Trainee: 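Before anything else, here's the structure in question.
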Amino acid sequence: MEFVNPLVGEPDREMEKRLMVQEGDYLAVFNSAHRVMKAESLLKSRGFSILLIPAPRQLMTDCGLALRISPDIRAEVMRTLEQEQLQPAFVNRFVGGLYRNEEELCGDN
């Protein structure tokens, strides 16, 4: 999918980078919009570079939102959410064009 800047009629690569889920990114999905927004606020207040995005249809979420987390901060983010008792309902990773549950990834490199 290509995002085109309507003002200049050219592809907007910065917008693509900010909105698209990149290979290897994690998506944390919560049971409610309230919890995902609370988690976003907490994580941003602690300096984590995460992004609240519409959840992809493939994930079939109740609240329709997810947090995009880069692989390099995943462990710290999950530890912080656990400490604050804000664990997501599930976490998927975008690998090979598919959203795969963490349990499916055991043993993958």
Side-chain angles (χ1 to χ4, degrees):
M1 176 182 292
E2 183 172 78
F3 291 90
V4 177
N5 184 326
L7 299 176
V8 295
E10 296 177 7
D12 187 338
R13 300 292 178 222
E14 272 309 302
M15 180 65 78
E16 285 180 6
K17 283 188 226 172
R18 288 196 334 255
L19 296 180
M20 303 289 280
V21 178
Q22 303 294 316
E23 180 74 16
D25 282 348
Y26 289 89
L27 292 183
V29 177
F30 295 77
N31 290 328
S32 71
H34 173 76
R35 286 183 62 80
V36 73
M37 290 187 283
K38 188 173 179 179
E40 176 199 28
S41 178
L42 168 76
L43 294 169
K44 285 190 173 184
S45 74
R46 302 244 177 121
F48 289 106
S49 181
I50 50 99
L51 183 66
L52 181 65
I53 64 170
R57 286 186 202 148
Q58 300 93 315
L59 297 183
M60 296 200 211
T61 67
D62 290 335
C63 77
L65 298 170
L67 292 180
R68 185 188 73 188
I69 304 166
S70 66
D72 55 326
I73 63 169
R74 182 206 163 277
E76 291 176 82
V77 165
M78 297 309 291
R79 190 169 28 257
T80 300
L81 292 173
E82 185 176 344
Q83 289 170 350
E84 297 296 324
Q85 297 181 343
L86 269 174
Q87 296 96 324
F90 62 91
V91 178
N92 283 134
R93 190 170 191 190
F94 189 64
V95 179
L98 300 172
Y99 295 95
R100 298 178 64 192
N101 194 287
E102 285 188 307
E103 287 81 34
E104 295 174 12
L105 296 170
C106 291
D108 287 358
N109 290 331

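The structure displayed is predicted, hence computed values, not measured ones.
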Trainee: How close do D25 and S70 get, counting heavy atoms only, and between which atoms?
Mentor: OD1-CA, 3.9 Å
Trainee: Which heavy-atom pair separates S32 from C63 by the least distance, and what is that distance?
Mentor: C-CB, 3.5 Å
Trainee: Y26 ring centre to R74 NZ or CZ under 6.0 Å, with the angle to the axis within 45°?
Mentor: yes
Trainee: Should R46 and E84 count as an ion pair when the cut-off is N to O under 4.0 Å?
Mentor: yes
Trainee: Scan residues 50-96 for pairs that pass ring pair (Phe, Tyr, Trp, His ring centres under 6.0 Å), counting only residues two or more places apart or in two chains.
Mentor: F94-Y99
Trainee: Report yes or no: does T80 contribute a side-chain atom to a donor-acceptor pair with the main-chain N or O of E76 at less than 3.5 Å?
Mentor: yes
Trainee: When you compare the side chain of V91 with that of M78, does any pair of heavy atoms fall below 4.5 Å?
Mentor: yes
Trainee: Looking at every non-hydrogen atom in both residues, tell me the closest pair between L86 and K38 and how far apart they are.
Mentor: CD1-CG, 4.0 Å
Trainee: Are any side-chain N or O atoms of N92 and backbone N or O atoms of R100, one a donor and one an acceptor, separated by less than 3.5 Å?
Mentor: yes
Trainee: Are any of the side-chain heavy atoms of L67 and L27 separated by less than 4.5 Å?
Mentor: no
Trainee: Any heavy-atom pair between the side chains of L81 and F30 that's under 4.5 Å?
Mentor: yes
Trainee: Nearest heavy-atom pair of G96 and E23: which atoms, and what distance?
Mentor: N-OE2, 2.9 Å
Trainee: Given V36, which of V29, L65, N31 fulfils the side-chain contact (heavy atoms from CB on, under 4.5 Å) condition?
Mentor: L65
Trainee: Look at atom CD of E82 and say whether more than 12 heavy atoms of other residues, nucleotides or ligands are closer to it than 6.0 Å.
Mentor: no
Trainee: Heavy atoms, side chains only, cut-off 4.5 Å: are M37 and L52 in contact?
Mentor: yes
